[in-house]
Amino acid sequence: MALTGFPEPAPAGDELNCVLCHKHRGLSRIDENGKFRLFYLNQELFDAGPHRRNKCKDCHSDIDRIPHKPAKKVTCTQQCHIVEPSGNVKFSHQSIADTLATSVHSSLDAEGNPKPHHEDYPGCKDCHDQPLYRPLSVYKGEVKPGITARAISRCKSCHTSGDFAEDFYEHVTSRLHKTRFPMETIEVCAKCHQDPDFRERHELDDVVTTYKQTFHGKLIALGSERTPDCLDCHVVPGENTHLIEAQDQPTSSVNKANLSATCRTSDCHEKAGAMLAGFQTHVTYDRDKYPLQFYMLMFFKALMAVVLYFFLTLIFLELLRRLFPRFAFFKDKEGNTPHHRIRNKKPEA
Amino acid sequence: MAKYDPIVYKGGKRYFYRFSAHQRVQHVILFSSVLTLALTGFPLRHAEEPWAKPLYDFMGGTELAPLIHRAAGTVLLGLFVYHTIYWLALFIKNDLGGLKQQGRLTFGSGVKAFFTQEMVPNKKDFFDILHVWKYLLYFTNRPPRHDRMSWREKFDYFAPYWGIPILGPAGVLLWWRDEITHFLPGIVLNAAYIMHTDEALLAVLFLFFVHWYNVHYAPEKFPAATVWLTGYLTEDEMIHEHYAQYVKIMIEAGLEDEVKPQHFAGEEYDW
Amino acid sequence: MRFFKRLIFKLYVLFLMAFTIWYGYFMFPLIFGFEGKEAASTSLLELGGAEIETEEERMFAKLIKEQTQTSRTDLGYKLIEQPYIEGRFHHIGFELQEDQASICVRCHGNVPHDESREIRSFLNMHAFYLACETCHVAEDDGTDRQYRWYNKDNGEVVPNPVAFRDIEESYRTESASFYPTYGNYGAKISPGKEQGGAFAFIHGTKEMAFVERFISEQDRLGPEQKSQMKQVIHRKVSSDPIVCKECHNETDQYLPYAELGYPRTRVGELTDTSVVNMILKYKEFYIPSFLSPGTNDEGK
């Protein structure tokens, strides 16, 4: 393919020069189901994540020439050309899919039959978009987001060829903290768990809204990354984040028997008493489920309403009184005479 | 009390003593810690509002702001304890001590002495509340004649005095959540959470409107009353807000003939 | 003086009364609103009161709900804000700027081409840079026709881009934590003419007024009137468009690229092998009628 005149060379992964067309922001259409499909690829953001080492064809494997017909859906579990360095085997997301299949989010029940509303259960793309690195620069004990030349220089003194140092540095430092900002994780869960129709179908409480009312949720909304999001409490301890189990499973992290261990993990409330697990996280203020919280809330609301609206009315009337100062239905008999004079029956000065 | 003259003259005007320096310092500590607590607490309470994050970041962010909040809370709780001791000491020394000297100290007279304390609500307050409604609904043209502490000032006073014992311990529980769960069930934290956040809302809504109306927004006070700095009220303020006390002080000072008539609505200031 | 003082006093009191009422409203949700209020919970199962039955209706309701949704990705060193498009895997990186100034978009939308299956995405890609009437222009003498860029927000003429980067690469700023220009020139090419010494686009304010009027009054129009008015609105456009090779060829191009500010390298690409070859390939491998799409793209 002739590339003469291009201001920048096409990226290495782009053998077929896919960006010749896919760099255009308007490359889009409305599909047969009325969905907006945008075929634009932001090269810079594609290069900011682990998939940058893949060629387009590694995932979009049915495309072998351009121009091409509508492509098939990508299967995340297919093997790609990347070799996983520790085991020296070709990389695939199959093991993640296997884990997901044993979790509460599997669309099949234990016998392998589809669960009711099985179409609601998530696949890879329901929670994941193109992953992006969130590298950290560590230099002289100072940790900050991003990647500085000084921080990576220690890798690059030996690993000079290609992007090896960058790839590993960004991959590892991204994995040393949350690879997604906690609020984004919560929004991922909220896509289904906050949807009222979904909750009705599966008989679930609005756990996202109730979580957001906890100190955990509020600190995250204010930008903390040290506070637990959904995954920190709900993933089976020591397993990868795709293994979330239902509360009634004996190994579930939120099973009553395991709850206090989950709160008191050495990374969180290490010194807390076992009774910390009695704290109710997802409080809906439902009268039957959470009577204590419900009646306390009612008490405070009533108190606030009475006190505040009493004084509000008083001040409003006082202001109104100032607008018509001289008017009154009955004039006071004493007038504005000092009351001691009336009491002492002294003549007016 | 003796070191403050009930009436001082400055530039030919009378000023009436109200708060001692000791009390004024307590007020400064009170309002600075309460404002700090509100500024570091409310962004958290309303974390999802657009203003919350910028304000919280300004107050120190998720790492520092909680520490500031706890420090200010400690100061406020300390002030609460100090103020209680201060009041009790004065009460025991001046009132009970006086009764003892006269040999009249019994349980009954002690309780009676308590109810004559200036901050304690009494029968006059009840009638003043009735009177003020009569006045506000145009049934009379004479506002109530308050003594040294009007019922509204007493309410202003007891608002933090009931608020702190609810907010403070709840805050302490939430602060030491890890330690207390060795002794108390976790649901106590749920209760503490509601107590802390809702009582704080009441306190702040009350402060920003009712108290600030009394001392900032009201036309004769705007932009701000000065008594919290100087400790003295002007004669106009005195007549307007504490007419009964005004007359008493004037008579005690031998200025009976110079007592000015009570302000009726609209006549109080030269607007 | 005394009068003014009293006036100010009364006004201040009135202001305070208004403030008091406002405070009462302000407090109400704080006091009575349950914190557990169902955030973002308008059910999808209502569509103007009607029950949703089919998948398409569900989609329609969802679109209405999602219209303003954006997704935020915080990388710590960079914040990416982009529109949320369900099912999209790759990142966009910026807001897609909509054309507010085109009269055609008012009815046909920003993604108007959908009939010719093989090339509709390509045509929509062109619609991002070109106004509809640039290609779908009605026959006239065509002699003194000129082309200018117009601002997608307000329709006013904007100067030519000075560098290639202005059009297609402007979002690539070295260390910026966001994309200030959202990655486009914010303008489209549109034809016009010299009129009374000043340049005017073919679709000017008059046409826009027609369309606005038509949209606001179409409920009251009879079927014949509607057809007649559509005729008037579409008088300057044609369903028989300019085709690919008229621009993408090496000798004589329909659009004056250089005049519009395209740098020489880009003009080379557009008229040279990479693009022209692909068009030929398309012709060979997929659809023989590719070079004249108008013939199977009728009836809009």
Side-chain angles (χ1 to χ4, degrees), chain A residues 212 214-215 217-227 263-264 269-280 283 290 292-293 296-297 299-301 303-304 307-308 311-312 314-315 317-322 324-332 334-341 346 349, chain B residues 43-45 47-48 52-53 56-57 61-63 132-133 135-142 145 155 159 174 177-191 193-195 198-199 201-202 205-206 209-210 213 219 243-244 247-248 251 256-257 259-267:
Chain A
K212 284 180 177 173
T214 63
F215 278 115
K218 290 182 180 206
L219 278 167
I220 280 177
L222 292 172
S224 170
E225 292 201 40
R226 287 182 47 205
T227 320
C263 302
R264 294 197 295 159
H269 296 279
E270 191 178 6
K271 293 184 192 138
M275 285 187 284
L276 181 63
F279 177 77
Q280 294 169 335
V283 178
Y290 299 97
L292 173 78
Q293 286 94 331
M296 281 188 73
L297 201 69
F299 169 75
F300 276 106
K301 282 185 189 310
L303 181 71
M304 274 193 269
V307 170
L308 291 166
F311 277 97
L312 206 72
L314 191 85
I315 287 171
L317 288 174
E318 193 185 297
L319 289 162
L320 190 67
R321 192 72 179 81
R322 287 168 196 260
F324 309 101
R326 284 164 209 283
F327 176 77
F329 296 118
F330 309 103
K331 302 285 180 204
D332 195 88
E334 297 175 15
N336 58 356
T337 319
H339 59 359
H340 71 282
R341 293 197 187 145
K346 282 202 174 183
Chain B
L44 191 59
R45 192 184 191 280
E48 305 226 331
K53 190 163 164 29
Y56 208 59
D57 287 346
T62 54
E63 299 294 317
V132 83
W133 282 100
Y135 170 69
L136 292 179
L137 297 172
Y138 294 89
F139 283 105
T140 175
N141 57 343
R142 182 174 69 79
R145 293 165 168 172
F155 198 93
L174 294 169
R177 58 199 174 274
D178 287 1
E179 285 73 11
I180 63 110
T181 43
H182 288 284
F183 318 108
L184 294 172
I187 197 161
V188 167
L189 295 172
N190 286 90
Y193 176 79
I194 297 175
M195 277 163 68
D198 275 16
E199 181 60 34
L201 179 66
L202 171 58
L205 287 177
F206 187 84
F209 192 77
V210 182
Y213 173 81
Y243 192 69
V247 173
K248 216 183 292 170
I251 292 172
E256 194 172 344
D257 293 339
V259 170
K260 292 183 182 168
Q262 186 181 10
H263 289 152
F264 275 25
E267 297 163 2

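For the numbers below, each heavy atom of this structure counts, side chains included, while hydrogens, waters and symmetry mates do not.
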Asks: Ignoring hydrogens, what is the shortest heavy-atom contact between B:N141 and A:K331? Give both atom names and the distance.
Replies: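 Between these two residues, the closest heavy atoms are ND2-CD, 3.5 Å.
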Asks: Return the CG to CZ distance between B:L189 and A:F215, rounded to the nearest 0.5 Å.
Replies: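 Rounded to the nearest 0.5 Å, the CG-CZ separation comes to 9.5 Å.
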Asks: Show the numbers, then the answer: is there a side chain to side chain contact (heavy atoms under 4.5 Å, CB included) between A:L312 and B:F209?
Replies: CA-CA 8 Å; A:L312 206 72; B:F209 192 77; 3.4 Å; yes
Asks: Can you confirm whether B:M195 sits close enough to A:F300 that some side-chain heavy atom of one is under 4.5 Å from a side-chain heavy atom of the other?
Replies: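 They are in contact (side-chain heavy atoms under 4.5 Å apart), so the answer is yes.
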Asks: How long is the gap from NZ on A:K212 to CD on B:E48, to the nearest 0.5 Å?
Replies: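 Going from NZ on A:K212 over to CD on B:E48, the span is 4.5 Å.
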Asks: Identify which part of A:R226 has an atom lying under 4.5 Å from any heavy atom of chain B, answering side chain, backbone, both or neither.
Replies: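 Side chain of A:R226 only, per the 4.5 Å heavy-atom cut-off to chain B.
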Asks: To the nearest 0.5 angstrom, please state how far the CG atom of A:L219 sits from the OH atom of B:Y56.
Replies: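 It comes to 5.5 Å.
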Asks: Which pair of heavy atoms, one from B:L201 and one from A:M304, lies closest together, and at what distance?
Replies: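 Where B:L201 meets A:M304 most closely, the heavy atoms are CD2-SD, 3.6 Å.
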Asks: Do you know which of B:R177, B:E179, B:K260, B:R142 has the most heavy-atom pairs under 4.5 Å to chain A?
Replies: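 Of the candidates given, the most pairs with chain A belong to B:R142.
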Asks: What is the minimum heavy-atom distance between A:I315 and B:V210, and which atoms define it?
Replies: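 Shortest heavy-atom separation between A:I315 and B:V210 comes out as CD1-CA, 4.1 Å.
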Asks: Going from CG on B:L202 to NZ on A:K301, what distance comes out if it is rounded to the nearest 0.5 angstrom?
Replies: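 These two atoms lie 12.0 Å from each other.
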Asks: Using a cut-off of under 4.5 Å on heavy-atom pairs, state which of B:A52, B:A159, B:A191 scores highest against chain A.
Replies: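 Sorted descending by pairs with chain A, the first entry is B:A191.
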Asks: Which atoms of A:L292 are under 4.5 Å from chain B, going by heavy atoms: the side chain, the backbone, both sets, or neither?
Replies: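 For A:L292, the side chain is the part near chain B, not the backbone.
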Asks: Angle between ring planes, B:F139 versus A:F329, binned at 30° and 60°: parallel, tilted or perpendicular?
Replies: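 Correct class here is tilted.
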Asks: Tell me the closest heavy-atom pair linking A:M275 and B:F183, and the distance in Å.
Replies: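 Between these two residues, the closest heavy atoms are CE-C, 3.4 Å.
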Asks: Might you point out which heavy atoms bring B:T140 and A:R321 nearest each other, and give the distance in Å?
Replies: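 Shortest heavy-atom separation between B:T140 and A:R321 comes out as O-NH2, 2.9 Å.
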Asks: Evaluate the side-chain proximity of B:D198 to A:F299: yes if any heavy-atom separation is below 4.5 Å, no if none is.
Replies: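 No, too far: nothing below the 4.5 Å cut-off.
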Asks: Can you tell me how far apart CG (B:D178) and NZ (A:K271) are? Round to the nearest 0.5 Å.
Replies: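 The distance works out to 8.0 Å.
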Asks: In terms of heavy-atom proximity below 4.5 Å to chain A, should B:E199 be classed as side chain, backbone, both, or neither?
Replies: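 Both backbone and side chain of B:E199 come within 4.5 Å of chain A.
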Asks: Looking at every heavy atom in both B:T62 and A:L222, which two are closest together, and how far apart are they?
Replies: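 Here B:T62 and A:L222 meet closest at CG2-O, 3.7 Å.
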Asks: Going by heavy atoms in the side chains, are B:Y213 and A:E318 under 4.5 Å from each other?
Replies: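 Counting from C-beta outward, B:Y213 and A:E318 do come under 4.5 Å.
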Asks: Over 60° means perpendicular and under 30° means parallel, so tell me whether B:F206 and A:F311 are parallel, tilted or perpendicular.
Replies: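 Perpendicular, since the angle between the ring planes exceeds 60°.
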Asks: Go through the atoms of B:V132 and report whether side chain, backbone, both or neither lie under 4.5 Å from a heavy atom of chain A.
Replies: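 Interface part for B:V132: side chain.
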Asks: A:L314, A:I220, A:T227, A:V307: which one forms the most heavy-atom pairs within less than 4.5 Å of chain B?
Replies: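 Option with the top pair count is A:L314.
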Asks: For B:L184, which atoms come within 4.5 Å of any heavy atom of chain A: side chain, backbone, both, or neither?
Replies: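 Backbone only.
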